[in-house]
Amino acid sequence: ETGVTQTPRHLVMGMTNKKSLKCEQHLGHNAMYWYKQSAKKPLELMFVYSLEERVENNSVPSRFSPECPNSSHLFLHLHTLQPEDSALYLCASSQALTGGSAGANVLTFGAGSRLTVL
Amino acid sequence: DQQVKQNSPSLSVQEGRISILNCDYTNSMFDYFLWYKKYPAEGPTFLISISSIKDKNEDGRFTVFLNKSAKHLSLHIVPSQPGDSAVYFCAASDRGSQGNLIFGKGTKLSVKP
């Protein structure tokens, strides 16, 4: 496989469930990101990892917990979510952190995981 | 407050004509701008970019124009094709905030045959 792969593509969970979203990139990139896309809102950056270290946490509630075990894999662990957390969660990767060299600003996105919280 | 604004949620254009998508920004520290395209059930894909030291960048049918004094950029698609129908996102970055690419809300382009 090539590019950025996200699983599952669709997830329905209750507010008391615990689930995880998985992201895998086969591009040899050093930075990985979680974005949230809600209806009629811009893509919101949630977490950034560079070389497996978290470098950004945009005031995300603790019910979202990221994990980056290596430079190819990124997880988003979910627990006790709220219905307003229903959204499309997008994983992305880049050669290096965005804001550095021009090429580092090009993100490669996965297809997303559509989350519905009941 | 939104730093990157796409004020037109949607745009409809006839096939063969020009599509112009607009984007405004407020942060004068932004030094690199990108356009992404998103089809339904897919993630956004990179389309074209421009550095703040330039005012135009062209790639085939796609041209991005940057007006720094007005803090405005636009994407021109000529000629528009039905396959261009998608949501287009404007994004911006600055060297002082690495890892934080800021996106607009997107503009849905419909190109009618």
Side-chain angles (χ1 to χ4, degrees), chain A residues 3-7 9-10 23 25 27 29-51 53-60 66 68 88-114, chain B residues 1-10 23-27 29-54 57 59 62 64 66 73 86-108:
Chain A
V4 179
T5 305
Q6 287 188 243
T7 55
R9 293 293 307 276
H10 299 273
C23 176
Q25 59 101 355
L27 300 166
H29 287 169
N30 291 319
M32 295 187 77
Y33 311 76
W34 280 115
Y35 278 87
K36 175 183 177 182
Q37 186 182 19
S38 305
K40 299 183 180 177
K41 284 188 173 183
L43 271 72
E44 300 171 61
L45 180 65
M46 299 177 73
F47 301 104
V48 182
Y49 279 82
S50 175
L51 296 170
E53 288 200 15
R54 191 191 305 183
V55 296
E56 183 81 23
N57 176 356
N58 267 4
S59 303
V60 179
C68 187
L88 180 68
Y89 289 84
L90 289 161
C91 174
S93 69
S94 61
Q95 197 172 43
L97 281 178
T98 59
S101 64
N105 287 307
V106 178
L107 297 176
T108 302
F109 284 89
S113 294
R114 173 70 63 185
Chain B
D1 189 32
Q2 276 187 261
Q3 298 185 64
V4 176
K5 298 177 186 178
Q6 294 178 256
N7 293 318
S8 298
S10 62
C23 178
D24 298 294
Y25 62 95
T26 57
N27 187 345
M29 299 302 292
F30 286 146
D31 57 6
Y32 204 79
F33 303 88
L34 307 93
W35 285 94
Y36 285 81
K37 179 168 77 171
K38 185 180 185 300
Y39 292 117
E42 295 182 15
T45 55
F46 169 71
L47 186 59
I48 192 170
S49 63
I50 188 166
S51 164
S52 61
I53 62 173
K54 295 187 175 182
N57 187 27
D59 183 3
F62 302 92
V64 56
L66 176 62
L73 65 155
V87 178
Y88 289 79
F89 293 97
C90 174
S93 73
D94 81 77
R95 289 178 182 271
S97 185
Q98 292 196 6
N100 196 3
L101 194 61
I102 306 293
F103 285 84
K105 289 185 182 181
T107 297
K108 184 176 182 180

Task: B:Tyr36 versus chain A, the contacting section by heavy-atom distance below 4.5 Å - done: side chain
- [ ] Select one option (side chain, backbone, both, neither) describing which atoms of B:Phe30 are under 4.5 Å from chain A's heavy atoms.
- [x] neither
Task: pair B:Lys105-A:Gln37: side-chain heavy atoms closer than 4.5 Å - done: no
Which distance, rounded to the nearest 0.5 Å, do you find between the [atom1] of [X] and the [atom2] of [Y]?
| X | Y | atom1 | atom2 | answer |
| --- | --- | --- | --- | --- |
| A:Lys41 | B:Gln2 | NZ | CD | 10.5 Å |
| A:Tyr33 | B:Leu101 | OH | CG | 7.5 Å |
| B:Phe103 | A:Glu44 | CZ | CD | 12.0 Å |
| A:Leu45 | B:Ile102 | CG | CD1 | 7.5 Å |

TODO: Please determine, among B:Pro44, B:Gly43, B:Ala92, B:Gly104, the option with the most heavy-atom pairs under 4.5 Å with chain A.
DONE: B:Pro44
Task: Most contacts with chain A, counted as non-hydrogen pairs under 4.5 angstrom, among B:Pro9, B:Ser51, B:Ala41 - done: B:Ala41
Open item on the list: Between A:Phe109 and B:Phe46 (judged by ring centroids, cut-off 6.0 Å), do the two rings come close enough to count as a pair?
Closed with: no
Task: Contact class of A:Arg114 relative to chain B, heavy atoms under 4.5 angstrom - done: neither
Task: Residue part contacting chain B, namely of A:Leu90, when any heavy atom lies under 4.5 Å - done: side chain
Task: side chain to side chain donor-acceptor pair (under 3.5 Å) partners of B:Ser49, counting only residues at least two apart - done: B:Tyr32
Task: Pairing residues for B:Asp31 by the salt bridge (charged side-chain N to carboxylate O under 4.0 Å, His left out) criterion, not counting sequence neighbours - done: B:Arg95
